[in-house]
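Everything on this sheet refers to the single structure shown next.
Along the sequence shown, residues carry numbers from 1.
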Amino acid sequence: MKKTHVVIITIIFLLMVSLTFAQEGQRTYVSGDVAAVNTPNGVVLEGEQVAVTVPIQGTAKPRTQTMHRAKVNQQAAATKATQVQNAASLKKGEPRVKVSTTSTETDVYNVDIKNKKGTTDYGVVEQTVTGPKGKQTTQGVVYSAYAPSKAALTNDKKTEISLAGGATMMTNKDNRDDKYGSIGLGASVSMLYAMNNYLSVGVDYMMLHPKGKTHNDGVQERHYHGMYAHDISLAGKLTFNPWDNFRIYSPMGVGMMNARMKTVIDGADDSENKWGAALYIGAGMQYDITDCMFAGLEYRYTYGFISDKDLSDQHKDRDLQFHTVMLRLGMRF
C-alpha cells in the first residue's frame, strides 16, 4: 500500500510541475475586448481572451522582439541608402536652370502727311519683341485724323452751275470783203455733272450777238444789223489739274445753232434765219474761291455749219465762225 501511495503522489507532483512550466510559456495579448494570441500557427484574434500555451525551449527570446529589431534594421538601412543617394547628388551638383528672357520695346510716334488732297495725321505704334525665336517687329495705327484740302472738298461736289459773259467777234466777211459785224456781246449758261475729277458733262446754252456794221454811203451803203446766234449743246469740261485751286480746263460742246441777221441795202431790208449744227472748243482757267464757288476766264471758238448765203445776198458762202472771251462765275453743290 505504501508503494502505491508513493507512485500516486509522484504522478500528481509531476503533473503540477508540468502545469507550472506550461503557464510560463503561455502568452496572451489583449487589446480592449479583442485578444491577440501568439501561437505556433500565428496570431489569432478572438472576441474574448484566449490563452495558448507555448513550450519554452531554453532561453529563446520572444518572437515579437525579433520582428521589431528586423524592422528597425530595415529602417536604418533605408535611411543610410537615402543618405548615400543625397551625397552622390550633391557631388554631381544641382542642374543649371535655363532661363529664356524676352524683352519688349514699344515706340509711339506721329506721322503728318500733307499734300494736295489734304493733311493726314496718324499715330503709329511699333513694338519689337526679342525672345527665343529672335526679333519680331509689328506696327499698328492707333489713331488717324484727316483734314481735306479745298481741292478735295471741291472734288467731292459733283454738280456745278455757271454763268459767263463777255465779248464775241464774227470773222465772216461779205463779197466785198467787209465784215458783217464788230465786237459784240457773248454769254453762256452751263450746268455740268462731274463723272470723275477730270471730266464733267452736261448742257450749255450760248448766245452770240456781234454788233451791226455799216459800210459805204449813198447807193453803195450796206447796213448789217447785229447778228444773233443761239447755240444749245451737249457740253463737256476737261480739267487737267483737278487737285489744284487754280485749274486749267478745256470747254467743248456739240449741238444746234440758230443764226439770224438783217441786211439793209439802198433802203431795202432782208431778214433771214437758219438752223444748223454747231460745235465749240476752247480753253479756260479758273480759281476756286471756296470749295463751293469759283471764277475764271474762258475762250471759245465756235463753228456753225450755217453758210452766210442763207443770211445775206452779199455773202461769200462761208460757214459762220465766232471767237468769244468771257468771264465765268459758278458754284458747286
Side-chain angles (χ1 to χ4, degrees), residues 161-191 202-237 250-286 295-330:
I161 295 178
S162 62
L163 175 66
T168 186
M169 180 182 68
M170 185 178 181
T171 61
N172 295 78
K173 297 179 181 180
D174 62 12
N175 53 12
R176 297 185 184 183
D177 215 25
D178 292 324
K179 289 185 177 181
Y180 289 110
S182 59
I183 297 174
L185 176 66
S188 166
V189 177
S190 295
M191 183 171 69
V203 294
D204 177 86
Y205 164 75
M206 180 168 52
M207 186 275 293
L208 303 174
H209 177 46
K211 290 178 65 175
K213 196 164 178 114
T214 301
H215 301 283
N216 298 333
D217 295 325
V219 179
Q220 301 296 324
E221 182 183 62
R222 289 162 290 132
H223 181 72
Y224 300 106
H225 287 266
M227 172 181 283
Y228 285 91
H230 301 276
D231 179 83
I232 299 175
S233 298
L234 176 64
K237 179 180 180 181
S250 175
M252 60 195 73
V254 58
M256 295 295 294
M257 175 184 286
N258 176 265
R260 177 172 59 87
M261 187 173 66
K262 181 179 179 181
T263 304
V264 178
I265 299 177
D266 194 18
D269 64 85
D270 181 25
S271 180
E272 301 289 343
N273 71 85
K274 180 70 174 179
W275 279 94
L279 58 84
Y280 69 86
I281 192 169
M285 51 186 176
Q286 68 184 38
L297 182 67
E298 182 176 304
Y299 161 76
R300 289 184 180 184
Y301 167 73
T302 306
Y303 190 96
F305 293 89
I306 302 172
S307 176
D308 61 348
K309 71 179 182 179
D310 295 320
L311 302 176
S312 174
D313 292 336
Q314 310 297 313
H315 63 85
K316 273 191 174 182
D317 194 13
R318 297 284 189 272
D319 289 341
L320 303 181
Q321 300 179 54
F322 302 86
H323 296 277
T324 308
V325 177
M326 296 178 288
L327 292 174
R328 184 171 294 277
L329 180 66

* By side-chain hydrogen bond (donor to acceptor under 3.5 Å, both in side chains) - contacts of D204 (at least two apart) -> S188, S190, R300
* Under the side-chain hydrogen bond (donor to acceptor under 3.5 Å, both in side chains) test, which residues partner T168, sequence neighbours left out? ->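 Once residues adjacent in sequence are excluded, the partners of T168 under the side-chain hydrogen bond (donor to acceptor under 3.5 Å, both in side chains) criterion are T324.
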* Results of ring pair (Phe, Tyr, Trp, His ring centres under 6.0 Å) for F322 - residues two or more places apart only -> none
* Among all residues two or more places apart in sequence or in another chain, which pass the ring pair (Phe, Tyr, Trp, His ring centres under 6.0 Å) test with Y205? -> none
* To do: Sorted by first residue and then second, give each salt bridge (Lys or Arg N to Asp or Glu O under 4.0 Å) pair with at least one member in residues 306-325; sequence neighbours left out.
  => D177-K316
Out of curiosity, [X] [atom1] to [Y] [atom2], how far, rounded to the nearest 0.5 Å?
X	Y	atom1	atom2	answer
Y180	T263	OH	OG1	7.5 Å
M206	I232	CE	CD1	11.0 Å
N172	Q321	CG	CD	6.0 Å

Can you see which heavy atom on [X] is nearest to which on [Y], and at what distance?
X	Y	value
M227	L311	CE-CD1, 3.3 Å
P210	M170	CG-CB, 3.8 Å
A229	M257	CB-SD, 4.0 Å
G255	S233	N-OG, 3.7 Å
K179	H215	O-NE2, 2.8 Å
L185	G166	CD1-O, 3.4 Å

* State, with a plain yes or no, whether a side-chain heavy atom of L163 is found less than 4.5 Å away from one of V189. =>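 In short, these two side chains touch, coming nearer than 4.5 Å.
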* According to the ring-ring contact (aromatic ring centres under 6.0 Å, His included) rule, which pairs have a member within residues 296-317, sequence neighbours left out? ->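 Listed once each, the pairs are Y301-H323, Y303-F305.
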* **Test salt bridge (charged side-chain N to carboxylate O under 4.0 Å, His left out) applied to D178 - qualifying residues, sequence neighbours left out** => R222
Check side chain to side chain contact (heavy atoms under 4.5 Å, CB included) between [X] and all other residues, then give those that pass, not counting sequence neighbours.
X	answer
H223	T214, H225, V264
I161	M191, F333
L327	L297

Cut-off 3.5 Å, no hydrogens considered: what does the side-chain donor-acceptor table look like for residues 271-286, sequence neighbours left out?
{"residue": "Y280", "atom": "OH", "partner": "M252", "partner atom": "O", "Å": "3.3"}
{"residue": "Q286", "atom": "OE1", "partner": "K237", "partner atom": "NZ", "Å": "2.9"}

* Asked: Counting distance only, does the side-chain N/O of S312 pair as donor-acceptor with the main-chain N or O of Q314 below 3.5 Å?
  ->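 Indeed, once roles are kept as given, a pair shorter than 3.5 Å links the two residues.
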